[in-house]
Amino acid sequence: MITPEDIKRLRERTQAGMLDCKKALEANGGDMDKATTWLREKGMAAAAKKSERIAAEGVVHSYIHMGGKIGVLLEVNCETDFVAKSEGFQTLVRNIGLHIAASKPAVVAIEDVDTTELENEKSILKAQAKNEGKPDAVIEKMVEGRIKKFYKDVCLLEQDYVKNPEITIKQLVNEAILSIGEKITIRRFTRYEMGEGLTKRSNDFAAEVAEQMAGK
């Protein structure tokens, strides 16, 4: 039997609407993990259906951390001003800003990666694989796998969400689309770090975020 507590737990895990959580649990025999996957797949489908719609509203958000040591300027778009002002959308934007501060992505999506930089990265990876003595037959597969890791390092949407590494930023946005019901896109961002490029002590910001979350 599916209880209100089950629905609440699934909503807290996925941020999907109560009715969608109930449907997901019913469709998966009450299995929480399967229901979570079902909702994420539905979120991807919802995002695909809304991809042709116009998202011209939204917010430009500034996130400042460590007393002004790190700053992020971020634009996230949605379809209506009503949603742009909603708590759910505002929370999403703040969390994305925090993630950018922690994880240092270079671009929003895979298609934003500079082609020259990408080809240069592939050349370096091929050389590394050859230096490791790998046969030519497996080098291409190794490079493909390492390029996927490269994308996770530099592309915001491909990165594991710093507050919940079980999902990517792309999945986080898709879940928000499912919950809010509008097209949502991360348009652009700029990340600033005081003294970036200068020799200084390194701060593990991702670990700091994890500690803050554990303390809640």
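Computed from a predicted structure; not experimentally measured. The figures here come from the full heavy-atom set of this structure, side chains too, leaving out hydrogens, waters and symmetry mates.
- Summarising the geometry of Ala35 relative to Leu10, their closest heavy-atom pair is CB-CD2, 3.8 Å, with the distance given to 0.1 Å.
- Side-chain atoms of Gln90 come within 3.5 Å of backbone N or O of Ala84 as a donor-acceptor pair.
- Partners of Lys8 by salt bridge (charged side-chain N to carboxylate O under 4.0 Å, His left out), not counting sequence neighbours: none found.
- The side-chain hydrogen bond (donor to acceptor under 3.5 Å, both in side chains) check on Thr80 picks up Glu182, with sequence neighbours excluded.
- In this structure, Arg191 contributes its side chain and Ala101 its backbone to a donor-acceptor pair below 3.5 Å.
- Annotation for Glu158 and Tyr151: closest pair CB-O, 3.9 Å, computed over non-hydrogen atoms.
- Listed for the Thr36 side chain is a donor-acceptor partner under 3.5 Å among the backbone atoms of Met32.
- Judged purely by distance below 3.5 Å, without hydrogens or angles, the side chains of Thr3 and Asp6 pair a donor atom with an acceptor atom.
- Within the 4.5 Å cutoff, no side-chain heavy atoms of Tyr192 are placed close to those of Met194.
- With sequence neighbours left out, the salt bridge (charged side-chain N to carboxylate O under 4.0 Å, His left out) criterion links Asp81 to Lys85.
- By the 4.0 Å N-to-carboxylate-O rule, Lys34 lies too far from Glu26 to be salt-bridged with it.
- Residues satisfying the side-chain hydrogen bond (donor to acceptor under 3.5 Å, both in side chains) test with Asn77, not counting sequence neighbours, are Glu75.
- Contact check for Asp31 versus Leu25: no side-chain heavy atoms found under the 4.5 Å cut-off.
- Atom OG of Ser103 and atom CD1 of Ile169 lie 7.5 Å apart (nearest 0.5 Å).
- A salt bridge is absent between Glu193 and Lys69; no separation between the charged side-chain nitrogens and carboxylate oxygens falls under 4.0 Å.
- Here the CG atom belonging to Leu125 is positioned 5.0 Å from the CD1 atom belonging to Ile147, to the nearest 0.5 angstrom.
- Surrounding NZ of Lys152 are more than 12 heavy atoms belonging to other residues, nucleotides or ligands, all under 6.0 Å away.
- For Glu111, the CD atom counts as densely surrounded, since its 6.0 Å shell holds more than 12 non-hydrogen atoms of other residues, nucleotides or ligands.
- Contact of the Glu57 side chain with the Val83 side chain is not registered, since no non-hydrogen atoms from C-beta on lie closer than 4.5 Å.
- One N or O on the side chain of His99 and one on the backbone of Val162 form a donor-acceptor pair closer than 3.5 Å.
- Nearest heavy-atom pair, Leu73 versus Ser62, reported as atom, atom and distance to 0.1 Å: CD1-CB, 4.0 Å.
- Residues Ala129 and Arg146 approach most closely at N-NH1, 4.1 Å, considering heavy atoms.
- You'll find the side chain of Ile186 reaches within 4.5 Å of the side chain of Leu74, heavy atoms only.
- A distance of 5.0 Å separates CG in Leu172 from CD1 in Ile167, rounded to the nearest 0.5 Å.
- For Tyr161, the side-chain hydrogen bond (donor to acceptor under 3.5 Å, both in side chains) criterion is met by Asn95, not counting sequence neighbours.
- Using a 4.5 Å cut-off on side-chain heavy atoms (C-beta onward), Val76 and Phe89 make contact.
- Asn28 places no side-chain N or O within 3.5 Å of a backbone atom of Gly30 that could act as its donor or acceptor partner.
- Applying the salt bridge (charged side-chain N to carboxylate O under 4.0 Å, His left out) test to residues at least two apart or on different chains, the pairs with a partner in residues 117-127 are Glu119-Lys122, Lys126-Glu140.
- The CZ atom of Arg94 lies 11.5 Å from the CD1 atom of Ile96; values are rounded to the nearest 0.5 Å.
- Looking only at distances, a side-chain donor or acceptor of Gln171 sits under 3.5 Å from a matching main-chain atom of Thr168.
- No more than 12 heavy atoms of other residues, nucleotides or ligands lie within 6.0 Å of CD in Glu87, so this atom counts as exposed by the packing criterion.
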